[in-house]
Amino acid sequence: MTTVATFEIGYRRILDPDGTIDGAPPAFARDRNTLVALYRWMVLCRAFDAKAVALQRTGRLGTFASSLGQEAVGVGVADAMAADDVLLPSFREHGAQLVRGVTMKELLLYWGGDERGSDFAGPRHDFPVCIPVGTQAPHAAGVGLSFRLRGEARAAVCIFGDGATSRGDVYEAMNVAGAWTLPVVFIANNNQWAISVPRRAQTAAETLAQKAVAAGFDGCQVDGNDIIAVREATAAALERARSGGGPTLIEALTYRLGDHTTVDDASRYRDDDEVGRHWKMEPIARLRRHLVDAHGWTKAEEEALIADCAAQVEAAAEAYLATSPPAPASMFDHLYEELPAEVARQRAALLRED
Amino acid sequence: MTTVATFEIGYRRILDPDGTIDGAPPAFARDRNTLVALYRWMVLCRAFDAKAVALQRTGRLGTFASSLGQEAVGVGVADAMAADDVLLPSFREHGAQLVRGVTMKELLLYWGGDERGSDFAGPRHDFPVCIPVGTQAPHAAGVGLSFRLRGEARAAVCIFGDGATSRGDVYEAMNVAGAWTLPVVFIANNNQWAISVPRRAQTAAETLAQKAVAAGFDGCQVDGNDIIAVREATAAALERARSGGGPTLIEALTYRLGDHTTVDDASRYRDDDEVGRHWKMEPIARLRRHLVDAHGWTKAEEEALIADCAAQVEAAAEAYLATSPPAPASMFDHLYEELPAEVARQRAALLRED
Amino acid sequence: MARPHAKTDAVAATAELTLVEAVQRALARAMAEDETVVLLGEDIGVDGGVFRATDGLIARFGADRVRDTPLSESLIGGLPVGLAAMGFRPVAEIQFMGFIYPVIDQIVNHATRMRTRTRGRLSCPMVLRAPYGGGIHAPEHHSESMEALFAHIPGLRIVIPSSPAKAYGLLLAAIRDPDPVVFLEPKRVYRAAREAVVDDGGALPLDRCFTILKGSDVTLVSWGAMLQETLDASESLAGDGVDAEVIDVATLKPLDMDTILESVHRTGRCVIVHEAPLTGGFGAEIAARLAGEGLMHLVAPVERVAGWDTVMPLPRLEARYMPSVSRIVAAARRVLEYA
Amino acid sequence: MARPHAKTDAVAATAELTLVEAVQRALARAMAEDETVVLLGEDIGVDGGVFRATDGLIARFGADRVRDTPLSESLIGGLPVGLAAMGFRPVAEIQFMGFIYPVIDQIVNHATRMRTRTRGRLSCPMVLRAPYGGGIHAPEHHSESMEALFAHIPGLRIVIPSSPAKAYGLLLAAIRDPDPVVFLEPKRVYRAAREAVVDDGGALPLDRCFTILKGSDVTLVSWGAMLQETLDASESLAGDGVDAEVIDVATLKPLDMDTILESVHRTGRCVIVHEAPLTGGFGAEIAARLAGEGLMHLVAPVERVAGWDTVMPLPRLEARYMPSVSRIVAAARRVLEYA
Ligand SMILES: Cc1ncc(C[n+]2csc(CCOP(=O)(O)OP(=O)(O)O)c2C)c(N)n1
Ligand SMILES: Cc1ncc(C[n+]2csc(CCOP(=O)(O)OP(=O)(O)O)c2C)c(N)n1
Ligand SMILES: [Mg+2]
Ligand SMILES: [Mg+2]
């Protein structure tokens, strides 16, 4: 046998679980304000998740997928993006959506079963939540292609879970992104579980990052509970994408600390022990430790931030609950740009029912 | 970055284009009879392909996909298989099917548009030709699983083209074969073209063998015009599969010397020069050279073999042409094990038309 | 290895079961009686399925026969084709019907063709199960009813139970059937009611409709979850002295049109009710056959009460999307008042 | 960047074109007038498409806008959704309809929903082209007619031209349409005949049927390749003094039922002809509407002449699978003789 090709998968962690930084961190990670901003987003995201779960438990929200424990991935990725990049999220990326500018009220509307939540005022070109696992990956290739065709220095960022990496269309999308050197950053938000199926049962691949090898571009792992590593790796991948270097796959290793969704009961299929171990690695406490140790983050600052986030979340929930329900006929109003006669008759029939 | 995983793709050639063997060949490759048998299959396959194309040109066969130049892949792979292994071929694997025991008459029936051609008397458990590219790969995983569940030391062998490696379901099948350690050997018959799309346009991956990295098992390249390497690599992969070692992907590098099918005109999209260069590497002349140089293969033997193959092909073509057409109502006869009443009425209506 | 159809016990336990429990019992029964029955799907193992349809089966039959697949729907369609060709009877689950589309390629191009293609040499006795339909306030893509896509595919069987006992008997029949069956479970009914089910391995036929209620004024035809609304409508009509016949189609393909024709022959009037969008829904096929073979019986236009021809909305509006009892009653009245 | 719908030249060239040439002209016209039109598919570039529908377009518009994709049908369904959301008008080709199934997931779950889902913020003006139908002695999977699978999907348009001029005008309309369109080309007609086509960028409407032949005795309804058989049947019937009206549905979804109802109002009799299998075919929808709104007009059962409910056979038997002129004539006679 002659060796004709070799590959390496690297792993990057900057901020250790104990809050210390080894070696030289990227410039942004030395800036207190930047770190505090990232911290604030993560705390807000967690508060939002908790509120959403509470609303669901009391019958005021639909099925909801919390991102508890995974806040560093969404926030870190979105914070690295430019405003005119395009995000293609899965259903567990509230963190990323919040940072991009989607409001909590809009997110609650969506999860409350109202399409208007996806007509967000914020990043108008961002994609809405994608429920069928991995099916937004081909869209990301299309978005990337649109940038290439227009000669724009923008990138598409597609986030999906570990389970999604088993979907053929995610592979097809990565493959074409490689073949056409498209400006797409694929983020595998590896929270170790796809509902009840553990990561090791999805694939024999030692890493998910190596899925990129099949598509002919680079993949790497980062500690997904280290927001500094997530942000740095995403920024580098975006830079490469925008400058014609093609796609990257980043596997962010994190852990889903909660149930899969509000209709799931994770105790059926996994140990409390395992969950407990992973609580020790979670991203928010880690960054807080670092802020306290290295940047003199005070208890007062912490309390003010928590209170502020809680207030924002409460205000959003109230605004959501105060929103009047959508008009029934609205289910027809955006089916086509112009409603064909035969469907217009059905719309009229629906109106007559009132 | 810490390196967390590394991969290597190896390449194997034993029989050089000039007919010489470097180093120590596998035992079977020192046996004149074995080599002559392999040679005979390849020659027969080529004669069959030529006849089929001629039949199509004269309106006596349907669209046909010749395997001209790729004979070493199908023959080498099938020769390595045990009778109770299961072959899942694409539409260009007559070589493999012949070695497995499908008759030329049956193949002609199939390509002549008659389903009875896939009811072959030979390997009753082998799969019929698969036309939708790559869609037999999930079946191979299912076949492999059946062996695992029954505890049988058998393997499934799935052959597809370079183009097929871009299909998501091929990826999904390889991924599950890796995850479940299924006894499946995947053969990518890389003839450099998928109709008009060259190999490099399918994927940025330097090799197709590395598609296996995404699925967590080994992939390797062999010179697909070297039947000794093909046979050796397949035998090793089969051995591994049968003994619980899981799947392997073998990329056999060859070249499609003819048009894609009889309705294709390859001169629209590729150079004669390129084709000419590849004629110098083709598998039959190569093995003949070796037989002559190393095993005293004589002109008389050669002529006898050619004549014998021609006679077999002619006899098969005659038997095919003499076959009476299928009964029209037969299109209903195997739709279900027992035809439901509403379809039985349609069958009766068809019969009334006669 | 297989001992198909052998009864594994003589004692038949009767229990009041929900529909999802009946599905679980049928699966357990089929696995016990036939070693070649193997379950495949996402989260069907330790989790027991997101609706618990496979609850306890991994403990009883082992992880070899109750297999969590990777998150690969196209594979869930294709792998069983290989398994079935080798003599197994795979029962694959798609978690929600909204995720079933990647399976269609394998169903059209292989599962339904393997027998025809090889003139009977290989076959495909697989079952593809999926919960379908709306009404449980689920997220997008979790509420679809797309049975019509399958009903157009030659060589397939489409079965939709409407009650626990039907689910039990029809699923057993589907698993024992030698050809591919798509088995759609009305998830809104999964836990809606209990019914006495005799767990004796008794199957129901896959080639006939069930007349649930005899009547002489109008024929109401439905299937799956909508049967409840249809029965409620018939009750409301009965209050006004209208004697409705209610037919549960149960097996959409092959369709037992004879039962429907015989009924419409007596009533002269027909309302078809389904949750799927109107246009191209399976109601069209039934109405078309009435417009053909059944025309002489019709004294009033055939009405179809169906989901609107729009995307199933998110939960806030889903109740306004689905056919309601009042829409069914109104359609029946129009048909009855037609002069 | 886009200048949608701008005419790029003032000179309108008329030419006698085949259907596939008309497709090529419409694509060229659309690309010339609108820079956002981008073609995607297998072998559409240097090879010009296996049927030459994109012949010469890569030379004229470059490899950026005429893109050979990898062999990934699921991607061919999904990538255009992203491109379209960003303001492009992708026209994707599936090489044969038998390979279209992996696209369905993206069509149902995304292409037809993006506008509804985002309340108009994003949309999906994509066209999915595919040759369909039998009769050219092609291998397995190359002869299917599965338009009905798409006709059930809310939010979609389904267009099937029957002649070169229709292909030109309807394809231009499809590309300019702001919503997703499935455009199915009858490959048997690709080179079967020539027709004068004015290449002036003129589109045909996507919301109406075309009455090809006026008549008063019976309404024959068809689309795509089967229109020729239907016209031949009408000619044969004319020989016997039967005056048939022939309607080319052209756009199946949304369906212009008014034209069909108006015709059947006059004739009282209707035969629907399609190549796809009978059960669940789009003929069922038309017949169902006749059984509904049209019932009062009908004086005879609605007949459907369709492909049999079996797998399209390999070429040796395909002629016996497809509806023939004589089957159409026989059906028309039954309808006419019905008392
Ligand atoms: C195509 C598809 N199949 C199944 C489901 C049901 N489902 C929802 S989430 C999920 C697991 C997803 O796992 P992963 O990709 O790891 O994302 P996570 O939920 O862990 O964030 C499944 C199976 C779905 N939404 N889409
Ligand atoms: C799913 C699918 N898409 C498209 C086609 C049409 N088609 C037939 S062969 C072929 C190219 C196949 O290339 P490859 O996999 O390299 O096999 P080869 O023909 O070179 O042996 C295509 C696009 C098909 N048969 N199946
Ligand atoms: Mg996960
Ligand atoms: Mg090839």
Side-chain angles (χ1 to χ4, degrees), chain A residues 1-14 134 137-138 165-182 197 199-223 229 232-233 236 246-247 249 251 253, chain B residues 1-14 134 137-138 165-182 197 199-223 229 232-233 236 246-247 249 251 253:
Chain A
M1 285 268 179
T2 330
T3 298
V4 288
T6 59
F7 308 96
E8 283 194 4
I9 303 297
Y11 170 87
R12 179 86 157 137
R13 171 195 280 172
I14 295 166
T165 65
S166 296
R167 283 271 301 193
D169 39 9
V170 171
Y171 164 72
E172 290 188 5
M174 293 208 295
N175 188 55
V176 79
W180 295 355
T181 335
L182 299 177
V197 179
R199 154 60 186 87
R200 69 174 178 285
Q202 285 295 337
T203 181
E206 301 91 313
T207 68
L208 300 180
Q210 78 203 50
K211 303 271 173 185
V213 171
F217 57 83
D218 281 350
C220 64
Q221 284 188 328
V222 298
D223 181 339
E232 181 197 47
L249 171 62
E251 176 187 3
L253 290 155
Chain B
M1 286 269 177
T2 330
T3 298
V4 287
T6 58
F7 308 96
E8 284 195 5
I9 302 298
Y11 170 87
R12 178 87 156 138
R13 171 195 280 172
I14 296 164
T165 64
S166 296
R167 283 271 302 194
D169 40 8
V170 171
Y171 164 71
E172 290 187 3
M174 293 208 294
N175 188 57
V176 79
W180 294 355
T181 333
L182 299 177
V197 179
R199 153 64 184 85
R200 69 175 177 285
Q202 285 295 337
T203 181
E206 303 90 313
T207 69
L208 299 180
Q210 77 202 52
K211 303 271 174 185
V213 171
F217 56 84
D218 281 349
C220 65
Q221 284 188 328
V222 297
D223 182 339
E232 181 197 46
L249 171 63
E251 176 187 2
L253 290 155

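The sequence lines fix the lettering, A, B, ..., with proteins before strands; numbering per chain opens at 1. Computed over heavy atoms, backbone and side chain alike; hydrogens, waters and symmetry mates excluded.
The OG1 atom of B/T6 lies 9.0 Å from the CD atom of A/E206; values are rounded to the nearest 0.5 Å. Remark: B/D169 CG to A/D169 CG distance equals 10.5 Å, nearest 0.5 Å. Here CD of B/E8 is found 11.0 Å from CD of A/E8. Values are rounded to the nearest 0.5 Å. Note: B/T203 OG1 to A/M174 CE = 10.5 Å, rounded to the nearest 0.5 Å.
Smallest separation of non-hydrogen atoms from B/A204 and A/A215: CB-O, 3.7 Å. Nearest heavy atoms, B/A201 versus A/A179: O-CB, 4.0 Å. Smallest separation of non-hydrogen atoms from A/A214 and B/A205: O-CB, 3.6 Å. Nearest approach of B/Y171 to A/K211, heavy atoms of both residues: OH-NZ, 2.7 Å.
Interface summary for chain A: among B/R12, B/Q210, B/E172, the most heavy-atom pairs under 4.5 angstrom belong to B/Q210. By number of non-hydrogen pairs under 4.5 angstrom with chain A, the leading residue of B/N175, B/T165, B/V176, B/V170 is B/N175.
For A/T207, the part lying under 4.5 angstrom from a heavy atom of chain B is the side chain only. Looking at A/A5, the atoms closer than 4.5 Å to chain B (heavy atoms on both sides) sit in the backbone and in the side chain alike. Contacts between A/Y11 and chain B at a heavy-atom distance below 4.5 Å involve backbone atoms as well as side-chain atoms.
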